[in-house]
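The structure appears below as structure tokens.
Chain letters run A, B, ... following the sequence lines, proteins first, then strands; residues in each count from 1.
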2 protein chains.
Amino acid sequence: MDQNIVTQPKCSEADAVTAEMSPKRRQVVEAAETLFFANGYGAVSMDQIARTAGVSKATLYAYFPSKDALFAHIVATKGADSPLSCDLFPDDVADLRATLEDIGGRILKFMLLDRTLAIYRIALAESGRFPELGRAFYQNGPQQFATRFQTWLGHLQSQGLVKVPDLALATHQFMALMRCGVFFRRSLSLPPEPSELEINQTIAAAAETFLRAYAVNS
Amino acid sequence: MDQNIVTQPKCSEADAVTAEMSPKRRQVVEAAETLFFANGYGAVSMDQIARTAGVSKATLYAYFPSKDALFAHIVATKGADSPLSCDLFPDDVADLRATLEDIGGRILKFMLLDRTLAIYRIALAESGRFPELGRAFYQNGPQQFATRFQTWLGHLQSQGLVKVPDLALATHQFMALMRCGVFFRRSLSLPPEPSELEINQTIAAAAETFLRAYAVNS
DNA sequence: GTCTATAGGCCGATAGAC
DNA sequence: GTCTATCGGCCTATAGAC
């Protein structure tokens, strides 16, 4: 089993595009992505991927040397996109509550996407046997958000808007408050589908609790 | 694939004990438990279980008609024990902070056990294909704690110790605050092993944030 | 490059001897 | 009850024709 399945040497942009341009390869990647994210690693066979992609298994193995390698490629290239636009963390905060709700809302809605949940489930499930997988997921997803949020929180503190004794811990608390209830339930595939109302309540409550814990009363 | 894999008709206590008394069966169950919890569902074979248990596959199939059924039995019987002693939620609370830290500490340390984490990972990973699994895990674990905590929180409120507009939501927030940081990292199999200090900081910070959000200033 | 065909092995599950 | 031996099938991966 390939040990270093995820952190692979980055191809140049041109290489990546060229390689991705081959239509059969694209079909393979798309089929594998769909199937892995829908069913996990173990329950998907190379036959199934080849059939879904509309190519033969030999072609599949011409592009990827093993099932592990294909899985690693999918996770490394498709698991990294998180909704971190530059304007998500404004320098000047007029309404702290509204800003927190905006940030939290975007990240919670991203976390609740079927695709994001699928990646999370797979990373968690396979992290024991593919140690790089848990690490790659954490670094590409939660860690990036946490870093930016923590920096932003530091700025807020230097502006006197909040008083946070431990920035990293408060950041993790904010993220955890977002994961409470709705996300936890959905991650276990439990019905019902969360309503817009319930999501907004979670966001509002998280912001409220965070503010009560850390906002400076002015 | 057996649809209703977990919620199976309960045997009488006597039956269960009798069935469990057969030494070969006990060996099978123990081997399966170890292997499933260590490696998940897909990565474990019936050959492996039989070999580990020291019995033949035929014997294994004499006790359990299929791999699914064996898996279901393991999850149903071994996944339910949670640390809910009666005295965990005291009626009279002298020191609210200390009590919250005590409750939170016990539940966090339980959640961080390798065995608990393994069950959590499997429930989450297989919840898509075994819908009953996510439900059973939730009901036997988090839901039971949540119910008791919420009731206890209601008592605190009627005593005027806290002001909680939404008991269920606050309960989920408390649990989420416990899952922040350490648990989230461990669930993805990420090093380092959490230190006692880090665990205690998480607990203290969760209690602190919860108190700031909901405690009544007297 | 892409296919068909198949190797070689492990899978879940079973038949039949004792 | 428990074993040995084995089935048919699907698995990952490859050889060889075009």
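- For DNA chain D, the span of nucleotides reached by chain A at under 4.0 Å from its heavy atoms goes, 5' to 3', from D/dC11 to D/dA15.
- Proximity of the aromatic rings of B/F71 and B/F130 is defined here by a centroid distance below 6.0 angstrom, and this criterion is met.
- Judged purely by atom type and a 3.5 angstrom limit, A/R135 has no side-chain atom pairing as donor or acceptor with the backbone of B/P191.
- Between A/F149 and A/F145, the angle of the ring planes stays under 30°, which puts this pair in the parallel group of the 30/60° scheme.
- B/R51 places its CZ atom 12 Å from the C1' atom of C/dC11, with the value rounded to the nearest Å.
- For the pair A/K67 and A/Y41, the cation sits on the ring face: its NZ or CZ lies under 6.0 Å from the ring centre, inside 45° of the axis.
- DNA chain D is contacted by both A/G42 and B/V55; B/V55 maps to the nucleotide lying nearer its 5′ end (nearest heavy atom per residue).
- Residue A/A58 is classed as a base contact, given a heavy-atom separation below 4.0 Å to a base.
- In this structure, A/M46 places its CE atom 17 Å from C1' of C/dT6, rounding to the nearest Å.
- A close approach under 4.0 Å does occur between a side-chain nitrogen or oxygen of B/Y61 and OP1 or OP2 of C/dA13.
- Across all strands shown, A/S56 has heavy atoms under 4.0 Å from base atoms, whether or not it also approaches the sugar-phosphate.
- Between the P atom of C/dC11 and the NZ atom of B/K57 lies a distance of 8 Å, rounded to the nearest Å.
- Rounded to an integer number of Å, the gap from B/D47 CG to C/dG12 P is 7 Å.
- Between A/Y120 and B/F184, the angle of the ring planes stays under 30°, which puts this pair in the parallel group of the 30/60° scheme.
- In terms of the side chain to side chain donor-acceptor pair (under 3.5 Å) criterion, B/T116 has no residue partners (sequence neighbours excluded).
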